[in-house]
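Everything below concerns the one structure shown next.
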2 protein chains.
Amino acid sequence: MSDVVYIEDLAGHEGETVSIRGWLYNQRSSGKIAFLQVRDGTGVVQAIVSRNDVSESVWESVGQLTQESSLIVRGEVKADERAPGGFELGLEDLETIHIAEKYPITPKEHGIEFLMDQRHLWLRSSRQIAAMKIRAKVTRICRSYYDDRGFTLIDSPILTPASAEGTSTLFSTDYFGETAYLTQSGQLYLEPACMALGKVYCFGPTFRAEKSKTRRHLLEFWMLEPEVAFAMLDDIMDLAEDSIEHVVQTALVECADELEVLERDTTSLQRVQKPFPRISYDEAVEILAGAGEQFEWGDDFGGGDETVISEQFDRPVMVHRYPTVVKAFYMEPDPERPEVALAVDMLAPEGYGEIIGGSQRIHDHDLLLSRIHEHGLNEDAYKWYLEIRRYGTVPHSGFGMGLERVVAWISGLPHLRETIPYPRLLGRIYP
Amino acid sequence: MSDVVYIEDLAGHEGETVSIRGWLYNQRSSGKIAFLQVRDGTGVVQAIVSRNDVSESVWESVGQLTQESSLIVRGEVKADERAPGGFELGLEDLETIHIAEKYPITPKEHGIEFLMDQRHLWLRSSRQIAAMKIRAKVTRICRSYYDDRGFTLIDSPILTPASAEGTSTLFSTDYFGETAYLTQSGQLYLEPACMALGKVYCFGPTFRAEKSKTRRHLLEFWMLEPEVAFAMLDDIMDLAEDSIEHVVQTALVECADELEVLERDTTSLQRVQKPFPRISYDEAVEILAGAGEQFEWGDDFGGGDETVISEQFDRPVMVHRYPTVVKAFYMEPDPERPEVALAVDMLAPEGYGEIIGGSQRIHDHDLLLSRIHEHGLNEDAYKWYLEIRRYGTVPHSGFGMGLERVVAWISGLPHLRETIPYPRLLGRIYP
């Protein structure tokens, strides 16, 4: 059919007769006039059916349509200020493709487990469509940010022989007689690549077999990780700050429609402007003490602690120089104070928690080797990683940004499960 | 250091004194003058050291530099037509960061297994850098192609409860007591999503635990998969053709420098212009018979068969309507000839084999169910997939494009292992 158009393109077809292929989202009827809300993935348009203007068989077909039935509607595109997209369709013909069985998701409230079981259908709801579009747009904004600044994309492997972030939360698989683990981070593979290409990043799925069920955790999630040769902690904090400002401010423009669907109050997002506050771990501990929290120097922050700290600021806050003991083996110690690592976490406002974690990496071979031993890691598995420190080693730094946490924060969604098409959670691998 | 610049930006600093941070790629000396080839990931520049113009200690440092030592060179940017990037550096000062141990990769020939063992270092070689940049640019061109045409990115899950492409080549992992498989394709998850969003794509890692070692196979590779509601076989062939033309022609422009490094003769790539030839499987079988090949109707093409077929054409060829028995359970049978499926493969020229495989999908619930039974698949695991056919089912089609095969073809690399940063092959998971 040469006259098929997408709903988002209707504006260019005013006065023309077009066909729209899609699904019935909703309908109401007042005797001689029926109003069909038709969606096609790019938008929703109202098709108006006047009993007097269509054939008897078309009018009968209208009466038989159920929610989510698939159809082709044909009619004239008419401007109407009251219509959501500014246009409606004067229906002239209707072809029913498939009458849907009784659709399980209705405008009434459903329990979350039921909706998650129906994720393959729930994706058709306007809020879920908005969330998926925000995710896709944020992904594109992020990739463009790094591509435009001379970073080379380096896809790090998923199947790895060793762990990047501790050995207790690994998914493993048989790799023709060897054991392979699903990657927790691409970082170890980016470090050699940044010695080849200067500035690199990866952006792919990562895995944590964590036996915890919180709104901030997924077992499978996407992480964007830049790694920069010759960068020190301050450089990587600058990059984290600049990239988050860019992503949030660009998303506010490009995702305006979707944020409206989600009824996101964007006031606090407007404030995400450089400079972000930078405080040391020590200062963060003081904030917790001042707020009457039980917290001991040397512990890692829990989700509640992060919220208390971030509530002191009106934009993301960067906390740097954590105790070495709570951070990963590869983090460079502060030369002036070796008990803290040159690490940084960025905490989002509004209780969305850690969205970025990074550090300067150890570039001295012998120090790294002793850390591998201290952490009880298998030296052989890290042979190649150590070797980077034998051939022109240089200071370098990087961080990881959790895509779903950033999307949840921008979208104002309290739980990560609505920020990814098919969430993987403890006890959930269906659909 | 405020005067640090990247080599690719030297043109904007002619006459200025700048610092470049990088590694020694090569050097030669003629008594009183030394020529240092310095690379920083964005390019290579020659720094010229005249013994009379530098301090004694700098001259001594120059003498101690080994291949891949890390350093900071400082000097004046001078235009020189003979220099690769058009500029060279008159060295004034040198800071050695780290003297590299004897570097294992030298300009002499090395065996491929040795180089693969040194992949973390091999990435620093100019040909590998070129291949990685082409991969990154092709990825960006592909994503932009779909983003710019109204497709929504839908990241399909890696951990899945069921198989998409047959059960014999699955990596599995324990998922808290259940068995999960590493995805072979995102397609099954894109089909519900295209009913929500119209046009979707995924682009992520996929896995095949194939016990074969060929130059065209990786155990872990990236696949781009578009899926379009209401699209029929012809529509998806149009999309395959248009997208490949766009990707190749855009890459020829954007990757011109890298293709030169790889000494790629791009004559045949220039010819990748629409329309591409479209032949049926039957016609392809006739081509094989005409070439004297032993081949029986009903078999699937091997790599050698694909080469014979593609050699008949000067651009990619699309072969459609394969015997149902050699194709996946979800492919729509040709209504006029149910023994063939509405499937299409695109074969690249020059022996690069299948770069795209796709089909129209079965949209009738009962037919799909019977196919699931015929293939001995577990109906319960596909319950959600079947349900898509109960609520407004529509014809839909899609395909998968193997990133590494497209990159190998564009780059003129005979083996996929050089098209991905850290290849996973039978017997290789290191580094």
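Predicted model only: the values in this text are computed from it and were never measured. The figures that follow rest on heavy atoms only: side chains count, while hydrogens, waters and symmetry mates do not. Chain letters run A, B, ... following the sequence lines, proteins first and then strands; every chain starts at 1.
- Counting heavy atoms from C-beta outward, Arg21(A) and Val394(B) have side chains that stay 4.5 Å or more apart.
- Of the listed residues Tyr103(B), Phe151(B), Tyr6(B), Tyr422(B), the one with more heavy-atom pairs under 4.5 angstrom with chain A than any other is Tyr422(B).
- The contact between Phe176(A) and chain B is made entirely by side chain atoms (from C-beta outward), counting heavy-atom distances below 4.5 Å.
- Ranked by heavy-atom pairs under 4.5 Å with chain B, the list Ser172(A), Gly204(A), Ser69(A) is led by Ser172(A).
- In terms of non-hydrogen atom pairs under 4.5 Å with chain B, the most contact-rich of Ile97(A), Thr42(A), Leu24(A) is Ile97(A).
- Ring pair Trp384(A)/His120(B) is perpendicular by interplanar angle, where above 60° counts as perpendicular and below 30° as parallel.
- For the set Ile429(B), Thr152(B), Leu123(B), the count of heavy-atom pairs under 4.5 angstrom toward chain A peaks at Ile429(B).
- Taking chain A as the reference chain and counting heavy-atom pairs below 4.5 Å, the highest number among Val200(B), Thr66(B), Asp117(B), Ile388(B) is found for Ile388(B).
- The structure places CG of Asp155(B) at 4.0 Å from CH2 of Trp222(A), a figure rounded to the nearest 0.5 Å.
- Separation of atoms OG1 (Thr139(B)) and CZ (Phe203(A)) is listed at 13.0 Å; rounding is to 0.5 Å.
- Annotation: the span from Tyr189(A) atom OH to Arg119(B) atom CZ amounts to 13.0 Å, rounded to 0.5 Å.
- Rounded to the nearest 0.5 Å, atoms NE2 (His363(A)) and OG (Ser70(B)) are 8.5 Å apart.
- Comparing Ser156(B), Pro157(B), Pro192(B) by how many heavy-atom pairs each has under 4.5 Å with chain A, the most go to Pro157(B).
- Under a 3.5 Å cut-off, the side chain of Trp23(B) and the backbone N or O of Met195(A) do not form any donor-acceptor pair.
- Using a 4.5 Å heavy-atom cutoff, the side chains of Lys133(B) and Leu197(A) are in contact.
- Neither the backbone nor the side chain of Asp9(B) has a heavy atom closer than 4.5 Å to any heavy atom of chain A.
- Arg140(B) has its side chain within reach of Ser144(A): a pair of non-hydrogen atoms, C-beta onward, lies under 4.5 Å apart.
- The closest side-chain heavy-atom distance from Tyr391(A) to His98(B) is not below 4.5 Å.
- Top candidate by heavy-atom pairs under 4.5 Å with chain A, chosen from Ile420(B), Leu219(B), Leu71(B), Thr96(B), is Leu219(B).
- By number of non-hydrogen pairs under 4.5 angstrom with chain B, the leading residue of Gly177(A), Ala209(A), Pro431(A), Ala136(A) is Pro431(A).
- Only the side chain of Phe207(A) comes within contact range of chain B, with heavy atoms under 4.5 Å apart.
- Here the side chains of Thr173(A) and Asp174(B) are not in contact, with every heavy-atom distance at 4.5 Å or above.
- Ranked by non-hydrogen atom pairs under 4.5 Å with chain B, the options Met132(A), Glu8(A), Lys211(A) are led by Lys211(A).
- If you measure heavy-atom distances from Asp235(A) to chain B, you find no contacts under 4.5 Å at all.
- Atom CD1 of Ile99(B) and atom OG1 of Thr393(A) lie 13.0 Å apart (nearest 0.5 Å).
- Salt bridge Lys199(A)/Asp40(B): absent, no basic N to carboxylate O contact under 4.0 Å.
- Side-chain contact between Pro205(A) and Pro205(B) is present, with at least one heavy-atom pair separated by less than 4.5 Å.
- At a threshold of 4.0 Å, the pair Lys137(A)-Asp147(B) does not count as salt-bridged, since none of the basic side-chain nitrogens sits closer than that to a carboxylate oxygen.
- Your options are Ala229(B), Gly198(B), Pro421(B), and the one with the most heavy-atom pairs under 4.5 Å with chain A is Pro421(B).
- The candidate from Glu68(A), Lys102(A), Arg143(A) with the greatest count of non-hydrogen atom pairs under 4.5 Å with chain B is Arg143(A).
- Contact detail for Arg424(B) and Thr160(A): the closest heavy-atom pair is NH2-CA, 4.3 Å.
- Among the candidates Arg390(A), Glu178(A), Gln128(A), the residue making the largest number of heavy-atom pairs closer than 4.5 Å to chain B is Arg390(A).
- Considering only heavy atoms from C-beta on, Leu153(A) stays 4.5 Å or farther from Arg135(B) through its side chain.
- From Ile158(B), atom CD1 reaches atom OG1 of Thr206(A) across 10.5 Å, with rounding to the nearest 0.5 Å.
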